[in-house]
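See below for the structure under consideration.
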Amino acid sequence: TDGPPPPPLHKWDGNATGVMVGPSLAWLDRAPVGVAAQGTGLHAAFRMSFIAQFLDAEVMLDHDRYAGDGKLSGGLTRTAVGFQGALHPGFPLLVFNDVVNDIASGVHGYFGMQWVRMGLPDATAIPQTDGMTSDWRLGATVGIGADVPVSPRGGASGWWLTARYEGRWVWFGDHNPDLPLGDTRALLMLGWRHYDTNWARVGLPWH
């Protein structure tokens, strides 16, 4: 006998569910008095890719911190939860089934909305905040990114690296609605994706 047939080869077809997490480096557009313009943070997200990776949907959590000078301010923290959607214009390249085109199809642009808390531990010393220590406001994000496979092809799951660069905006304080605290941010994340997409399959109505 020839023995049992080999297990089926799982080809990356752009459809997956997964998680990703990684550090970030951010720069405030206009830092409040006593707050450093550069900060560090952490980003985590649950991600779903479907329609052959044409569209990604993400639920995300962010936390960033900008250090203070210890005199006028104890620093600035930014915590956010929200949703992001990404589009991959090169998704048709997946049909070539090679790593180069996997990377090319991973280039994406995205837009997100978040509920953001800006914390100023010593806000009474910062005139721009009108003495407010924290507030929850609506924020927006827009950016570009790229996904690079780390694991070899042919598995049912795999590791990926995602690099992104984005701009973020939030309006802080009921007393100062026109004070935008915007920043730009670079991220590098490690993600794990599961390629089983049975959840996305719809049976024929007559079966």
Side-chain angles (χ1 to χ4, degrees), residues 7-28 38-66 77-114 116 139-169 182-200:
L9 182 67
H10 294 269
K11 291 185 177 180
W12 163 243
D13 61 2
N15 300 298
T17 56
V19 293
M20 57 185 183
V21 63
S24 62
L25 187 63
W27 300 266
L28 282 169
Q38 181 175 301
T40 57
L42 187 68
H43 177 90
F46 171 76
R47 185 179 193 181
M48 298 174 63
S49 299
F50 44 95
I51 318 178
Q53 199 184 236
F54 172 67
L55 178 64
D56 290 344
E58 296 177 19
V59 178
M60 47 71 64
L61 172 65
D62 274 337
H63 184 74
D64 300 88
R65 188 178 192 285
Y66 294 88
T77 60
R78 184 188 192 280
T79 303
V81 293
F83 172 84
Q84 293 184 171
L87 296 176
H88 296 247
F91 77 99
L93 297 173
L94 287 173
V95 300
F96 294 106
N97 290 319
D98 58 52
V99 174
V100 172
N101 285 288
D102 287 349
I103 296 173
S105 66
V107 176
H108 56 277
Y110 59 96
F111 173 79
M113 300 296 294
Q114 298 94 34
V116 185
T141 300
V142 63
I144 57 174
D147 300 316
V148 178
V150 176
S151 299
R153 302 179 107 254
S157 62
W159 294 97
W160 292 69
L161 281 176
T162 298
R164 287 179 173 173
Y165 186 76
E166 64 187 22
R168 304 185 297 182
W169 300 268
D183 62 3
T184 54
R185 187 170 69 147
L187 305 97
L188 182 63
M189 295 169 287
L190 179 65
W192 175 84
R193 299 185 184 186
H194 183 49
Y195 306 145
D196 184 357
T197 56
N198 288 328
W199 56 269

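Checking side-chain atoms of Gln84 against main-chain N and O of Met60 turns up no donor-acceptor pair under 3.5 Å. Panel note: side chain Ser151, backbone Trp159; a donor-acceptor pair is recorded below 3.5 Å.
Considering every non-hydrogen atom in both Ala80 and Val116, the closest pair reads CB-CG2, 3.9 Å. Of all heavy-atom pairs between Thr77 and Arg65, the closest is CG2-CG, 4.0 Å. Of all the heavy atoms in Gly145 and Tyr110, the pair that sits closest is N-CE2, 4.3 Å. Looking at every heavy atom in both residues, Leu187 comes nearest to Ser24 through CG-CB, 3.9 Å. Pro149 and Val99 make their closest contact through CG-CG1, 4.2 Å (heavy atoms, listed as atom of the first residue, atom of the second, distance). Residues Arg168 and Ala26 approach most closely at NH2-CB, 4.2 Å, considering heavy atoms.
For the atom pair CD (Gln53) and CG (Leu93), the distance works out to 10.5 Å, reported to the nearest 0.5 Å. Rounding to the nearest 0.5 angstrom, the gap separating the CZ atom in Arg185 from the NE2 atom in His43 is 6.0 Å. Interatomic distance, CZ of Phe50 versus OG1 of Thr17, reported as 11.5 Å (0.5 Å rounding). To the nearest 0.5 Å, atom CD1 of residue Ile144 and atom CZ of residue Arg164 are 11.0 Å apart. Taking CE of Met48 as the reference point, atom CG of Leu55 lies at 9.5 Å (rounded to 0.5 Å). Residue Asp64 holds its CG atom at 8.0 Å from OG1 of Thr79, rounded to the nearest 0.5 Å.
Looking at heavy atoms from C-beta onward, Val142 lies in side-chain contact with Trp169 at the 4.5 angstrom threshold. By the 4.5 Å heavy-atom criterion applied to side chains, Thr40 and Pro23 are not counted as neighbours. Side-chain contact between Arg193 and Asp147 is present, with at least one heavy-atom pair separated by less than 4.5 Å. Phe54 places a side-chain heavy atom less than 4.5 Å from the side chain of Leu87. Val150 has its side chain out of reach of Trp160: every pair of non-hydrogen atoms, C-beta onward, lies at least 4.5 Å apart. Looking only at side-chain heavy atoms (C-beta outward), Leu190 and Val21 stay at 4.5 Å or farther from each other. Between Leu42 and Asp62, the closest side-chain pair of non-hydrogen atoms is not below 4.5 Å.
For the 3.5 Å distance criterion, the side chains of Ser157 and His194 fail to qualify, holding no donor opposite an acceptor.
Considering only residues two or more places apart in sequence or on other chains, Trp27 meets the side-chain hydrogen bond (donor to acceptor under 3.5 Å, both in side chains) condition with Gln38. Partners of Asp56 by salt bridge (Lys or Arg N to Asp or Glu O under 4.0 Å), not counting sequence neighbours, listed by chain and number: Arg47.
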